[in-house]
Amino acid sequence: MRILFCAAFCFFLQVWETNAQNSPDCRTAIPVCADQPIMGLADGGGDIDDFDPEVITQTGCLEKGSVSSANIENNTSWYVFRAGTGGQVGFDIEALPTNGGMGTPTAEWDFAVYGPYDETSGQNFCSIIGDGTSEPIRCNYEVNNTNFTGVGVNPENGQEGAPFLVGSQNTYDEWLDVEPGEIYYILINNFNTNFDGDPEPYMLTFTGSSVQEDQNTALDCTLRDEFLGLDIIACEGDPDITLSALNSPAGSNIASVEWTVDYEDDGTVDDTLTGSGPFGAELVVSSPNSGRYFARITTLSGSPQFVEDQGGILITFFGIPVLDRVEILETNLAIDPDINNVEIIVDGDGSYEYSLNGGAFQDDPIFMDIPPGLNTIIINDKNGCGTTEPIEFLVVAYPKFFTPNADGINDLWNIRGIETLTDPAVFVFDRYGKLIKQLGPVGGWDGTFNGRPMPSTDYWFRFEYAEDDAGIVVAKTRKTHFTLKR
């Protein structure tokens, strides 16, 4: 029945082509739901490389199936949907003929499905898709001998979906079992050797028991009202981002589009912008113009007169991490007065992880029990915006107290770890600011002044050193005092 339906449907292709939906980049994936077939028209590669070429061919079925020359990112389309109800969801991707529905389809479509994702998690989904952190949960890159591929059951030959197996030539994968609120991304890719940039059409139709029960609720159609897409995290220096109002429920029924932006995302509109393309329905956002962007469409006819993405889309550009400083934190002196805990302070508001001295990355910028002397830190932006080279920093550790009672334990006080600096000097003061002792990197203070024992109390210090070409970062102390006990 599907083949007969297609034959009847394809004569609408010339009308639908002007409204065919395609976004070649993950970050501008088109929100969709299951209430109607989606006409796709892929017309070439995207503005950015969605996948890290070093990891993508090792990621699930994106090992390129049984043909090593398959092109993963030629004529790609990206969609995103949010499950509205729990249940079984699948989809059919049908290759359609070009030339207004005449002739034989020339494209061979493949796909990958990513998810489920939690929209409130704050993750940059496209980043973890591209770097291989999130592998596809359903996909197929097999050579097709049918015009259909997808998830569920092939309507052309009744072949049921099965886990991906290289060389199987089964173009269908198993059904998805979804829960309400889950986010899924679909990548559709044209394997064919048609690399001339000519657009090729396909039809995407959602299937499954939950879709059959209610097309309007199986996938959350309110996501389509957010037609500008989910919030975008990008990197400074990335290619421009093109927002499109043509993906709205208004379709081509557009008289004009008004674009506005709230740069601070504080609820106050800062500027009205000029769109481009048909009806001014596209807006090009360049790095580093972070902000929340809104589109208000005036329709040609029908009701309502206006169509808006009221929540807008928040675009945030992040830069390569920059170390601001390293601070030594106060510790529990009752446990160990010589333990040094440090906090890594980054100049920026990205999402970072940290590796100390070549160890595993952690999200927490605080590291416990750091050895005195030179250490290294690597900072990685988890949004994929860059990783620093190893940065050396110096922990200048000092005893929080000492006991100059000639018992051979804690009799001298000095700063440890400054021997790597050029011309270091340490100055010890009493609480009135009087200089008591000047120290170098060797030796220490024995608690006397002019041969007389100093009283048990707190003393302050500062240290100085000559800047050198190494540019070593010195971990700063929040409180520069210690205690003499007798």
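Note that the structure is a prediction, hence the values are computed from the model and not measured.
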Between the side chain of [X] and the main-chain N/O of [Y], is any donor-acceptor distance below 3.5 Å?
| X | Y | result |
| --- | --- | --- |
| D270 | Y263 | yes |
| D231 | L314 | yes |
| S244 | L246 | yes |
| D110 | I188 | no |
| Q362 | D364 | yes |

*Could you tell me which residues satisfy side chain to side chain contact (heavy atoms under 4.5 Å, CB included) with A29, sequence neighbours excluded, listed by chain and number?*
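For A29, the residues satisfying side chain to side chain contact (heavy atoms under 4.5 Å, CB included) (neighbours in sequence not counted) are W78, V80, Y185.
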
*asked:* Using 0.5 Å steps for rounding, measure from the CD1 atom of I378 to the CZ atom of F361.
replied: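 These two atoms lie 5.5 Å from each other.
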
Under 6.0 Å between the ring centres of [X] and [Y]?
| X | Y | result |
| --- | --- | --- |
| F206 | F81 | yes |
| W413 | F482 | yes |
| F461 | F429 | no |

Does any donor atom in the side chain of [X] or [Y] lie under 3.5 Å from an acceptor atom in the other side chain?
| X | Y | value |
| --- | --- | --- |
| S23 | Y79 | no |
| S287 | D238 | no |
| E392 | N375 | no |

*By ring pair (Phe, Tyr, Trp, His ring centres under 6.0 Å), which residues pair with F227, not counting sequence neighbours?*
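Expected list: none.
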
Could you check whether [X] pairs with [Y] (Lys NZ or Arg NE/NH1/NH2 to Asp/Glu carboxylate O, under 4.0 Å)?
| X | Y | answer |
| --- | --- | --- |
| D262 | R292 | no |
| E226 | R224 | no |
| D347 | R325 | no |
| R296 | E258 | no |

*Can you list the steps and then say if T149 with N140 is a side chain to side chain donor-acceptor pair (under 3.5 Å)?*
CA-CA 8 Å; T149 187; N140 199 289; 4.7 Å; no

*Can you find a heavy atom in the side chain of N414 that is under 4.5 Å from one in the side chain of F463?*
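Counting from C-beta outward, N414 and F463 never come under 4.5 Å.
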
*asked:* Suppose the criterion is disulfide bond (SG atoms under 2.5 Å apart): which pairs have a residue in residues 368-421, not counting sequence neighbours?
replied: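 As it turns out, the disulfide bond (SG atoms under 2.5 Å apart) pairs with a partner in residues 368-421, which skip direct neighbours, are C235-C385.
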
*Derivation and outcome, side chain to side chain contact (heavy atoms under 4.5 Å, CB included), residues V426 and Y398*: CA-CA 11 Å; V426 180; Y398 64 96; over 6 Å; no

*Going through the distances and angles, do Y184 and E182 end up as a side chain to side chain donor-acceptor pair (under 3.5 Å)?*
CA-CA 7 Å; Y184 293 85; E182 293 177 339; 2.5 Å; yes

*Keeping to residues at least two apart or across chains, list the ring pair (Phe, Tyr, Trp, His ring centres under 6.0 Å) pairs with something in residues 440-460.*
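Sorted result for residues 440-460: F402-W445, W445-Y459, W460-H481.
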
*Mind jotting down which residue pairs meet the salt bridge (Lys or Arg N to Asp or Glu O under 4.0 Å) criterion with at least one end in residues 421-446? Sequence neighbours excluded, please.*
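Listed by first then second residue: nothing to list.
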
*Just grab all the side-chain hydrogen bond (donor to acceptor under 3.5 Å, both in side chains) pairs involving residues 171-180, residues at least two apart or on different chains.*
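side-chain hydrogen bond (donor to acceptor under 3.5 Å, both in side chains) check on residues 171-180 returns D92-Y172.
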
